[in-house]
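What follows is a set of notes on a single structure, which appears directly below.
Bear in mind the structure is a predicted one, so any value in this text is a computation, not a measurement. Values reported hereafter were calculated over all heavy atoms of this structure, with side chains retained and with hydrogens, waters and symmetry mates removed. Note on naming: letters A, B, ... go to the chains in the order of the sequence lines (proteins, then strands), and numbering restarts at 1 for each one.
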Amino acid sequence: MDIKHMKYFVEVVNQQGMTNASKSLYIAQPTISKAIKDIEKELNMPLFDRSKRQLVLTDAGSVFYHKSKEILSLYKDLPKEINSLLGLETGHISIGLSAVMNMNKFIHILGEFHQQYPNVTYNLVENGGKMIEHQLINDEIDIGITTLPVDQSIFHSLPLYQEELKLVLNKEHRLAQYQQVKMSMLKDEDFILFNEDFYLNDKIIEAAKNAGYIPNTISKISQWNFIENLLNAHLGVSILPENIVGLLNSDFKNITLEDPGMSWELGVIWKRDKYLSYATRQWIDFMKQRL
DNA sequence: ATGCATAACACTGGAACCGT
DNA sequence: ACGGTTCCAGTGTTATGCAT
């Protein structure tokens, strides 16, 4: 059994079948079949339940899958590790960014990190908090920036900053004259919310429920800058973190919400029990120093 | 029809051997 | 010591069988 066996096995699981795996790996199906048999022979236990139409992982197969992924990840990062020992400090970091955050703060820190480690490259992906957690669990990204708290048994976290959530509406709106508003006063309003991938969405719906109603959602978006157009068109009101409010056109009115708990905290999170590349570890250390 | 397993065969690279 | 040849194990392919 070697790295190649593990690579084939992981691909069979990922592609949900040997035939699909053979296609994605550009090799013949029997090669895969034989490789899986070889592993099973060496381990002396089946990795798949073949009695069903589709291959199903056995308990042993599940353990082998997760361990193989770890080993393949270690193997992939080996050249980078060696480079870091030689002082070349190269690497690549995939970062999932909350689509509801002020990017300027983050980009500034990234810029400073780049000065120190110019050979490190990045993949920046914008998403909702739930999707970021999902991507971290599936090892699709190395680091996420999202809402805290997170499940501490799955993730490590580092708080970034806390901010208030503000009601944002058109200046001509009937509530625009108020300095402070309660959620209960928004009972008859149409809400422009984020989609279900966003924890902000959950928070707003929960606050509305606490105030005794289910918010009437007129539109669900995945990019905060769409809100500007929808507010301009008098389509409804929205609730946004104050850092995002600061980026909006000044023609909108933002109002403090009196209800308790209308704030949130953003933080850096990464998966527990996962091997982190040299570049990723440096990035986390750098963030810790900066914060 | 589709997907996995098996058999037979081809190709490749390394080890062993041999002649110069 | 060096270079050429042979052998063999490992890894892949195609063809085909079998189960669902």
> Would you say C/dG10 has OP1 or OP2 under 4.0 Å from some side-chain N or O of A/Lys4?
Replying inline: no

> At under 4.0 Å, does any side-chain N or O of A/Thr31 touch on OP1 or OP2 of C/dT13?
Replying inline: yes

> Just how far, in rounded Å, is P of B/dA5 from CD1 of A/Ile39?
Replying inline: 12 Å

> Are any of the side-chain nitrogens in A/Glu70 or A/Lys274 under 4.0 Å away from the carboxylate oxygens of its partner?
Replying inline: no

>> What contact category does A/Ile27 fall into here, base, sugar-phosphate, or nothing, at under 4.0 angstrom with non-hydrogen atoms?
In response: sugar-phosphate

>> Tell me the interatomic distance from A/Met18, atom CE, to B/dT2, atom P, rounded to whole angstroms.
In response: 19 Å

>> Under 4.0 Å, heavy atoms only, any strand: does A/Phe48 hit a base, just the sugar-phosphate, or nothing?
In response: nothing

> What is the distance, rounded to the nearest whole Å, between atom NZ of A/Lys34 and atom P of B/dG3?
Replying inline: 23 Å

>> Is the distance from the ring center of A/Phe155 to that of A/Trp270 below 6.0 Å?
In response: no

>> Does A/Thr19 reach a base, just sugar-phosphate, or nothing at all? Heavy atoms under 4.0 Å.
In response: sugar-phosphate

>> Is A/Tyr8 close enough to C/dT11 that one of its side-chain N or O atoms is under 4.0 Å from OP1 or OP2 there?
In response: no

>> Under a 3.5 Å threshold, yes or no: a donor from one side chain and an acceptor from the other, between A/Ser24 and A/Glu11?
In response: yes

> In terms of side-chain geometry, is the basic nitrogen of A/Lys271 or A/Asp139 positioned less than 4.0 Å from the acidic oxygen of its partner?
Replying inline: yes

> Given atom CD of A/Gln16 and atom P of B/dG3, what is their separation to the nearest angstrom?
Replying inline: 12 Å

> When the distance from NZ of A/Lys23 to C1' of B/dG3 is rounded to whole Å, what number comes out?
Replying inline: 9 Å

> What's the CD1-C1' distance between A/Ile36 and B/dA5, to the nearest Å?
Replying inline: 13 Å

> In terms of side-chain heavy atoms of A/Leu55, which of C/dT11, C/dT13, B/dC4 is nearest?
Replying inline: B/dC4

>> Here's a test of your reading of the structure: between A/Pro30 and A/His5, which maps to the more 5' nucleotide of DNA chain C?
In response: A/His5

> In whole angstrom, what separates A/Gln29's CD from C/dG17's C1'?
Replying inline: 12 Å

>> Would you say A/His108 and A/Glu112 are linked by a side-chain donor-acceptor pair, where the criterion is simply a distance under 3.5 Å?
In response: yes

> How close or far is atom C1' of B/dT6 from atom NZ of A/Lys37, stated in whole angstroms?
Replying inline: 10 Å

